[in-house]
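Below is one structure, written out as structure tokens; comments come after it.
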Amino acid sequence: MSAAEANVVENDSQNIGVGSSSQDESGEQYLTFIMADEEYGVDILKVQEIRGWEKTTPIPNAPNHIKGVINLRGTVVPIIDLRRCFGMDQVEYGPLTVVIVLKVDSSQNSRTMGIVVDAVSDVYSLDNESLQPAPNMGDSYDTSYIRGLATVGEKMVMLLEINELLDLDDIPNVNELKQQVAAAQASA
Amino acid sequence: MAVDVSQFYQVFFEESLEGLDNMESALMALDPQTIDAETINTIFRAAHSIKGGSATFGFTEVAAFTHVLETLLDEVREGSRALHADHVDLLLRSVDAMRLMIETLQAGDVIDPEDSKELKEQFEAILKGESFAGVTPQVAEEQAAPSTQNSTWQIHFAPHPEMLITGNEPIRMFRELSELGELHVECLTGELPSFESISPDSCYLSWNLTLQGCENLEEIKEVFEWVEDEADITYKSLKADEVKDYIQNAVDATGADNTVAPASDANQFMVDSMLQSPKNEVETPKAGPVETVVKEQPNVESISKNNAATTTTVAKTPPKPAEASIRVGTDKIDQLINLVGELVITQSMLGQLGEGDSEDFTQEKLLRLQEGLSQLEQNTRELQESVMRIRMLPISFSFSRFPRMVRDLSQRLNKKIDLVLQGEQTELDKTVMEKIGDPLVHLVRNSVDHGIESPADRVKAGKPEAGKVVLNAYHQGGNVVIEIKDDGAGLNRERILAKAIENGVVQAGDSLTDEQINDLIFQPGFSTAAEVSDVSGRGVGMDVVRRNIQELNGTVDVKSVAGKGSTFTIRLPLTLAILDGQLVRVGVENYIFPLVSIVESIQVNRNQLNRVAGGSQVLRLRNEYIPIVYLHEVYSTQADFHSIEEGLVVVVEFENNKFGIVVDDLLAQQQVVIKSLETNYRRVEGVSGATILGDGQVALIVDIAGLVKMGGATQALKQIESMVKRQPKVA
């Protein structure tokens with residue numbers, strides 16, 4: 001499995017090359033990952049690297065979804081537990097768990113952060129036109145961290161706007177929202 | 001092939017800003033009464049390079065503006081225009097305007113020509129006045145001044161070859177002459193024989209000297225009194241316009257670029273070396289005179305001005321560019337290269353040891369390996385220290401802006417202020433320096449605005465009319481201490497208290513110590529200034545100051561005596577990058593304590609513990625009561641010990657108070673490289689940073705101040721204090 005991960009990383013780097021040259025025709029590329037059998041995507045250009053799970057150093061009195069910090073070649077990088085953010089059941093993290101290291105641009109600076117996910121899935125090229133906007137859920141839900149919804153084959157992929165999602169002060173609870181999105185799609 | 005000049009922009013900006021700083025400090029040192037040629041030259045050179053650079057890079061607005069400024073300076077430099085105090089003000093304002101332009105360009109914005117238009121017009125008006133010389137009486141007076149008061153002498157000084165043998169030193173005479181007025185020295189080297197036939201103790205040189213501003217020929221003759229018989233000396237009086245031509249010709253004759261005055265120090269050295277050891281003569285220019293301007297620079301440390309000229313500073317501040325660079329002396333770099341060389345040698349030695357089979361590894365090799373490793377350790381430490389030293393800058397970089405600021409402020413506020421700078425050579429990490437700038441500005445402003453009273457009030461209080469603000473920096477332990485001291489009225493206890501009650505920070509009935517009241521000024525939204533001025537009083541100040549300083553792991557506190565003044569003391573870590581740490585274990589996690597704050601580590605018995613009202617625990621340690629903090633409770637983690645006897649108490653000192661922190665175990669002491677948590681995460685209360693241990697794990701560095709505060713230990717300390725007051729003897 002770890003070899004498979006390495007493959008994914010390799011594929012990514014190739015795809016980045018292709019994507020950046022042919023971006024105009026094929027739209028943007030997304031790296032997708034699996035959590036609790038759902039597929040999510042992030043802009044591949046934001047992905048810095050993919051690593052295996054390693055023990056983190058917890059931060060005192062940090063919110064639940066901050067797992068702690070790790071040493072990424074001399075840089076201290078916080079690790080965010082997306083399952084916790086999304087209100088999913090906790091699973092035991094092991095050597096097969098994957099951490100995606102992302103570059104997040106906030107208003108003042110750019111941060112490096114890691115998210116823990118179940119597994120890395122695939123790389124898709126998606127047209128901006130083929131994306132459905134996040135459904136308007138009314139004022140009570142801020143959907144700004146959803147870039148859009150895409151349909152790949154039979155599956156729905158939720159594309160995340162990580163700059164919004166990993167805004168530290170306001171990491172949302174997606175769980176509830178996701179169910180409503182699914183319901184909205186089913187009825188459509 | 002076209003060269004992309006934009007890659008040089010950053011260098012130009014930095015050099016220009018540096019030049020502007022030089023201009024500013026030279027202007028501050030300039031006294032319009034006695035114009036110092038070298039100071040004017042410094043200002044002129046800076047303006048000229050900025051003009052040249054900006055024209056090269058196509059920043060026409062800057063170039064056009066600087067050109068006007070330069071023209072005025074050029075006239076002053078040539079002595080055809082007297083410098084007024086108003087001119088200095090105008091020049092200072094134009095420095096501000098130029099700085100704004102450069103910063104605007106640096107931020108990638110477009111310069112608004114309106115900003116500098118007014119200043120430019122003023123300069124042009126002054127310059128126009130010159131072309132109609134004699135029409136305006138003021139200008140006529142200016143014009144007349146140099147020609148009547150300052151007579152100019154041209155002196156031809158040709159020593160006989162044996163003059164040097166009698167111990168007469170031309171440089172010393174020139175220096176003496178330079179004290180009489182502005183001196184231009186032209187050295188004639190035509191008599192120099194070929195190198196082989198030079199006799200080291202003969203003088204082959206002669207000089208043409210032009211002395212401006214000395215009326216008395218006798219004074220000049222006095223200088224040459226001792227060498228009259230050993231030299232041919234002729235004196236000739238010159239008229240003002242002749243002087244100008246004369247100097248111009250002299251400069252032209254050197255073939256040097258006459259717009260950039262040659263650095264006098266370098267030429268001074270040349271003349272020196274030619275005289276003292278003609279062997280060095282090979283290095284000197286082959287022919288032609290060398291112009292040298294010798295003049296003592298007045299040492300102006302404190303500036304106080306009382307004329308209430310309104311200075312309108314440009315209020316717009318463009319965003320600070322993120323890119324930064326540092327200038328490092330070559331000696332520091334050379335030292336680094338040497339150390340790296342040693343490191344390579346050690347590495348190859350260790351590499352040799354590692355070759356061969358395991359059977360080859362003998363006892364003798366082990367010894368050499370250990371030796372090599374200790375050498376490596378030493379190399380690493382030295383390398384680390386040298387690298388750190390690169391980041392250290394004298395604090396004068398930060399202090400240098402204050403003379404100007406205090407001058408402007410005191411003018412605007414109609415106060416007399418003496419600013420004294422001390423310990424300017426104290427070195428401080430560049431990052432710390434940059435971040436401490438704004439808080440310092442704020443504190444100095446506060447001292448000038450709130451601290452120092454108006455001259456009338458001061459006289460009434462029996463103090464000298466001029467207030468005194470002292471900026472002092474020094475090292476203390478692993479810290480840099482910066483003090484801002486004024487001899488003003490001190491903090492107004494009643495008004496602070498009234499304001500605090502009004503803001504609801506304090507209840508009306510609370511009894512507070514003086515320190516607690518002084519501490520209130522660091523609360524957000526707190527200003528006791530009766531009127532909001534544009535200097536201070538908006539109440540967004542001291543809390544920001546404290547927060548900025550805390551972000552640097554520093555502290556700030558204030559001491560104040562009513563009627564005598566107040567002292568703000570800032571303590572900062574020497575560097576942000578390296579820390580001597582003590583590794584401790586609590587549960588499964590390791591933490592770093594800054595070694596400087598640890599007093600001792602002890603095992604305690606349960607019967608040494610007491611509880612004070614409110615539930616906090618205190619430890620009795622040699623006639624002292626020390627509040628106890630359980631680290632795992634504050635950090636919400638698990639510890640191994642169940643009772644305090646199983647753990648260890650690390651006694652730390654913070655702001656002159658001791659606290660005990662309970663941990664599981666003490667591990668190694670080591671130097672750790674501080675990594676910021678804020679880079680990728682955010683500030684965490686009770687944690688000052690993180691580091692990476694030898695095994696690659698991240699360990700958090702404990703912020704003692706935050707920890708004891710969070711642990712409620714400061715609260716406990718106050719309770720102890722109040723208990724001790726009631727019952728002075730410790731049982």
Side-chain angles (χ1 to χ4, degrees), chain A residues 42 46-49 51-82 84-85 92-93 95 99-116 162-171, chain B residues 319-323 551 577-578 583-592 629-639 661 663 672-704 706-711:
Chain A
V42 290
K46 300 278 183 196
V47 177
Q48 195 179 319
E49 65 182 275
R51 349 176 2 109
W53 163 257
E54 60 184 290
K55 185 186 162 292
T56 60
T57 302
I59 293 174
N61 304 317
N64 243 344
H65 55 264
I66 308 284
K67 289 298 287 179
V69 287
I70 59 159
N71 163 23
L72 183 74
R73 292 183 297 279
T75 320
V76 177
V77 173
I79 301 296
I80 289 155
D81 189 342
L82 267 198
R84 279 245 167 88
C85 289
E92 192 69 24
Y93 292 138
V99 172
I100 303 177
V101 180
L102 299 162
K103 237 180 169 57
V104 185
D105 297 311
S106 71
S107 45
Q108 298 106 30
N109 51 3
S110 126
R111 307 167 192 271
T112 307
M113 293 176 142
I115 53 173
V116 192
I162 57 158
N163 292 349
E164 297 287 339
L165 179 69
L166 300 184
D167 186 352
L168 281 171
D169 299 320
D170 186 27
I171 292 184
Chain B
K320 280 267 171 206
E323 242 181 292
E551 272 170 24
I578 303 266
L583 210 55
V584 304
R585 184 178 63 84
V586 177
V588 291
E589 295 300 329
N590 293 333
Y591 298 96
I592 310 274
V629 180
Y630 289 92
L631 190 136
H632 68 278
E633 283 179 7
V634 178
Y635 281 181
S636 324
T637 61
Q638 294 294 316
I661 298 171
V663 300
V672 296
V673 179
I674 304 175
K675 305 270 179 185
S676 163
L677 275 177
E678 281 158 80
T679 324
N680 291 320
Y681 187 54
R682 60 175 149 196
R683 191 176 150 74
V684 178
E685 217 188 332
V687 175
S688 61
T691 192
I692 291 157
L693 300 178
D695 62 357
Q697 282 292 312
V698 179
L700 299 177
I701 300 167
V702 176
D703 168 24
I704 302 288
L707 184 77
V708 297
K709 204 186 223 170
M710 288 162 78

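Worth knowing before you read on, the calculation uses all heavy atoms, side chains too, and leaves out hydrogens, waters and symmetry mates. Numbered from 1 within each chain, the chains take letters A, B, ... in sequence-line order.
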message = Quick one: does any side-chain atom of A:N61 pair with a main-chain N or O of B:V634 as donor and acceptor, under 3.5 Å?
response = yes

key: Considering all heavy atoms, the nearest A:P60-B:V684 contact   = O-CG1, 3.9 Å

message = Would you compute the distance between atom OH of B:Y681 and atom CD1 of A:I80 and round it to the nearest 0.5 angstrom?
response = 8.0 Å

message = Using heavy-atom distances under 4.5 Å, tell me whether A:I59 contacts chain B through its side chain, its backbone, both, or neither.
response = both

message = I'd like to check the side chain to side chain contact (heavy atoms under 4.5 Å, CB included) partners of B:E633; sequence neighbours left out, ordered by chain and number.
response = B:Y630

ask   = Does the side chain to side chain contact (heavy atoms under 4.5 Å, CB included) test come out yes or no for A:T75 and B:K675, once each step is laid out?
value = CA-CA 7 Å; A:T75 320; B:K675 305 270 179 185; over 6 Å; no

request  = Specify which of B:G696, B:G686, B:A690 makes the most heavy-atom pairs with chain A at under 4.5 Å.
outcome  = B:G696

remark   = Turns out that what part of B:T637 lies under 4.5 Å from chain A's heavy atoms comes down to neither

key: Beyond-backbone contact of B:N680 with A:V76, side-chain heavy atoms, under 4.5 angstrom   = no

